Amino acid sequence: MIDDPGRVASLIAHLHSHLPLPAFPTKDLVRALRRRGVKASVDRALTIRRVFYAGDVGGVVCDVTRNDGAKEVFVVSLTHLRIAPEHQLFAAILAYQRERVRRLAAADV
């Protein structure tokens with residue numbers, strides 16, 4: 001098992017209480033979004049509108065679909081988003097991201 005179910009449930013509850021939540025995409029996510037025709041930059045915040053748990057395969061995923069009549073839905077892993085350091089959930093999100101990446105590497109996934 002990659003994720004601790006209790007910790008994930010707690011994180012998701014906290015995330016829900018802070019939605020919508022601004023988040024900055026990683027360089028890899030920016031490239032993927034641009035391939036889909038979305039204007040994106042590591043310096044331009046996306047808005048997390050919904051949060052789900054996709055099991056061990058996907059982890060915590062976030063709906064960052066634009067509100068301007070977008071024709072596609074964009075759901076991305078929380079590990080591909082960066083929260084501003086001054087945000088109340090920064091430490092909890094960073095801890096989840098680091099632990100998930102570490103466990104994925106250890107599981108060779």
Side-chain angles (χ1 to χ4, degrees):
M1 181 171 272
I2 302 296
D3 295 315
D4 176 310
R7 288 182 68 186
V8 167
S10 176
L11 177 60
I12 287 176
H14 283 98
L15 286 165
H16 280 153
S17 69
H18 285 83
L19 294 178
L21 175 67
F24 296 90
T26 61
K27 289 178 185 179
D28 289 338
L29 180 55
V30 167
R31 281 192 290 276
L33 291 172
R34 286 180 179 170
R35 282 193 300 268
R36 305 298 292 178
V38 176
K39 292 180 183 176
S41 164
V42 294
D43 300 319
R44 184 176 177 188
L46 302 171
T47 302
I48 300 173
R49 300 185 190 295
R50 285 179 225 108
V51 180
F52 310 92
Y53 185 61
D56 268 350
V57 173
V60 176
V61 294
C62 307
D63 177 354
V64 294
T65 306
R66 297 184 323 244
N67 249 359
D68 60 358
K71 295 179 181 169
E72 290 184 273
V73 173
F74 293 98
V75 177
V76 301
S77 172
L78 182 58
T79 58
H80 292 285
L81 297 169
R82 301 291 171 252
I83 307 303
E86 61 274 1
H87 193 278
Q88 187 177 1
L89 294 179
F90 173 77
I93 291 170
L94 185 61
Y96 166 79
Q97 291 171 326
R98 287 180 175 167
E99 182 66 13
R100 179 158 176 86
V101 168
R102 185 188 70 73
R103 287 184 175 207
L104 285 170
D108 199 28
V109 176

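Keep in mind that this is a model prediction, so the values were computed, not measured.
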Can any side-chain N or O of [X] pair as donor or acceptor with the backbone N or O of [Y] at less than 3.5 Å?
X	Y	value
Arg49	Thr65	yes
Glu99	Asp3	no
Tyr96	Leu78	no
Arg44	Pro25	no

Just verifying a value: how many Å separate [X] [atom1] and [Y] [atom2], rounded to the nearest 0.5 Å?
X	Y	atom1	atom2	value
Arg34	Lys39	CZ	NZ	11.0 Å
His14	Leu89	NE2	CG	7.0 Å
Ile93	Arg98	CD1	CZ	13.0 Å

Using the side chain to side chain contact (heavy atoms under 4.5 Å, CB included) rule, pick out the option among Val60, Val75, Asp63 that qualifies with Val51.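 Only one of Val60, Val75, Asp63 forms a side chain to side chain contact (heavy atoms under 4.5 Å, CB included) with Val51, namely Val60.
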Mind listing the closest non-hydrogen atom pair of [X] and [Y] along with its distance?
X	Y	answer
Leu81	Gln97	O-NE2, 2.6 Å
Val30	Val42	CG2-N, 3.6 Å
Asp4	Gly6	OD1-N, 2.9 Å
Tyr53	Ile12	CB-CD1, 3.6 Å
Arg50	Leu19	CA-CD1, 4.0 Å
Ile2	Arg100	CG2-NH1, 3.3 Å

For residues [X] and [Y], determine if any side-chain heavy atom of one lies less than 4.5 Å from a side-chain heavy atom of the other.
X	Y	answer
Leu46	Leu33	yes
Leu21	His87	yes
Val64	Leu29	no
Leu94	Ile83	no

Linking I/L/V/M/F/W/Y whenever any side-chain heavy atoms sit under 4.5 Å apart, do Val73 and Val61 land together?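 Cluster IDs for Val73 and Val61 match.
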